[in-house]
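The next block holds one structure in the form of structure tokens; read it before the comments.
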Amino acid sequence: MEINRSKGTKINDVDFNSVRFGEIFTDHMFECNFKDGEWESPLIKPYSSLKLDPSTHVFHYGQAIFEGMKAYKDKDNQVWLFRPKDNYERLKKSCIRMHIPVLPEEYFFEGLNKLVSIDKEWVPNKLGSSMYIRPFVFSSSVMLAASPSIDYKFLIICSPGGAYYSKSLSVYVENKFSRAAPGGAGYAKAAGNYGASFYPISIAESKGFDQVLWTDSESHQKIEEVGTMSIVFRLGDKLVTPKTSDTILDGVTRKSVIQIAKDLGIEVQERDITVKELISEYHNGNLKEIFGCGTAAVIAPISSFGYKEDKFELEEINNSYADRIRLSILNIQQNLSDDPHGWRHRIKD
Ligand code: COI
């Protein structure tokens with residue numbers, strides 16, 4: 001792999017106490033191009049703008065997917081990734097669904113390790129902070145024919161930052177728009193899934209909510225996800241989360257939450273949960289907690305939800321499952337506890 005180092009660093013211009021999610025980027029980026037039917041040799045180069053023709057395929061047909069990962073620094077300045085193999089496996093599934101050639105595993109891991117190691121200084125060492133890593137692929141042929149692109153670009157960029165959400169969320173149960181439909185691309189991290197969600201989210205925001213609680217496209221009764229995250233409910237002493245399907249993303253944090261909850265002795269049910277059940281459990285006092293989980297936010301507590309004209313506020317709870325599970329996951333991610341499931345991946349210098 002070719003490595004072309006930047007002449008200087010931008011790091012001294014950054015106030016790490018005030019950076020928000022995804023607003024500043026490190027000194028380097030990884031790039032690999034697919035041309036003439038194969039992935040060319042990858043390179044790491046200074047972070048810079050791309051020069052793209054206006055007819056570049058992705059602008060017109062949106063053949064693009066991405067991943068989200070995080071790097072953490074421990075007290076010995078050692079840098080760790082969390083379950084990167086799971087991200088690669090999902091990236092493969094997303095590529096296949098969007099008819100994008102899959103970057104070879106060794107290119108992905110070599111590029112990721114080298115990039116994070118070169119930009120190691122950018123990984124914050126403050127508890128709760130991390131460096132977000134965004135691998136993504138897009139169709140880069142210069143063509144307007146509505147057929148699969150011939151060329152692709154695979155990039156990895158990195159962005160240090162703090163929490164994704166600063167407060168608990170209020171969510172609106174969507175009963176008109178859908179994030180995904182059976183047979184669609186909902187299980188893939190396809191860029192268009194996110195783009196298409198912004199309009200319904202803006203409507204929820206205009207009603208005073210922060211995010212949308214997505215429901216199935218047919219009946220709008222079965223709950224699927226929340227915003228860009230997986231959704232988890234605490235009913236009594238059990239956690240309930242919808243099982244993955246072709247409309248539900250196989251979240252790495254979701255899987256981790258399920259495993260950690262089980263490790264803590266909490267029963268987890270992966271099953272359908274309807275809006276009707278949610279409201280009935282709310283009224284009988286059994287709905288104790290709701291939270292979203294994803295790479296960016298880790299765990300985002302939800303304090304209220306709206307359905308049609310009604311709003312339902314949850315009571316605050318001490319020693320919540322969300323807090324306990326978040327702490328266990330963060331402790332593993334930041335190398336503050338044992339790693340019984342082998343989820344940590346050390347970045348070698
Ligand atoms: C995640 O948290 O996994 C995400 O995909 C969030 C990202 C869209 C900002």
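The basis for the numbers below is simple: all heavy atoms, side chains too, and nothing from hydrogens, waters or symmetry mates. Just so you know, ligand 1 is whichever comes first in the structure, and atom 1 is the first atom listed for that ligand.
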TODO: Check whether the side chains of D216 and S219 place a donor and an acceptor atom closer than 3.5 Å, and report yes or no.
DONE: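 Side chains of D216 and S219: pair found under 3.5 Å.
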
TODO: Please determine, by modelled atom types, if D263 and H341 share a side-chain donor-acceptor pair under 3.5 angstrom.
DONE: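 Yes - a donor-acceptor pair under 3.5 Å links their side chains.
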
Exercise answer, ligand 1 polar atom pairs (N/O) under 3.5 angstrom:
{"unit_1": "ligand 1", "atom_1": "2 (O)", "unit_2": "T295", "atom_2": "N", "d": "3.1"}
{"unit_1": "ligand 1", "atom_1": "2 (O)", "unit_2": "A296", "atom_2": "N", "d": "2.8"}
{"unit_1": "ligand 1", "atom_1": "3 (O)", "unit_2": "T295", "atom_2": "N", "d": "3.3"}
{"unit_1": "ligand 1", "atom_1": "5 (O)", "unit_2": "K189", "atom_2": "NZ", "d": "2.6"}

Open item on the list: E267: which residues meet the salt bridge (Lys or Arg N to Asp or Glu O under 4.0 Å) condition with it, sequence neighbours left out?
Closed with: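 Here no residue qualifies.
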
- [ ] With sequence neighbours left out, write down each residue that passes salt bridge (Lys or Arg N to Asp or Glu O under 4.0 Å) with E121, or none if nothing qualifies.
- [x]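 E121 satisfies salt bridge (Lys or Arg N to Asp or Glu O under 4.0 Å) with no other residue.
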
Task: side chain to side chain donor-acceptor pair (under 3.5 Å) pairs, two or more places apart, involving residues 122-131 - done: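 Those involving residues 122-131 are D27-W122.
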
Open item on the list: Taking the six-membered ring for Trp, are F34 and F154 closer than 6.0 Å centroid to centroid?
Closed with: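 Not close enough - the centres of the two rings lie 6.0 Å or further apart.
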
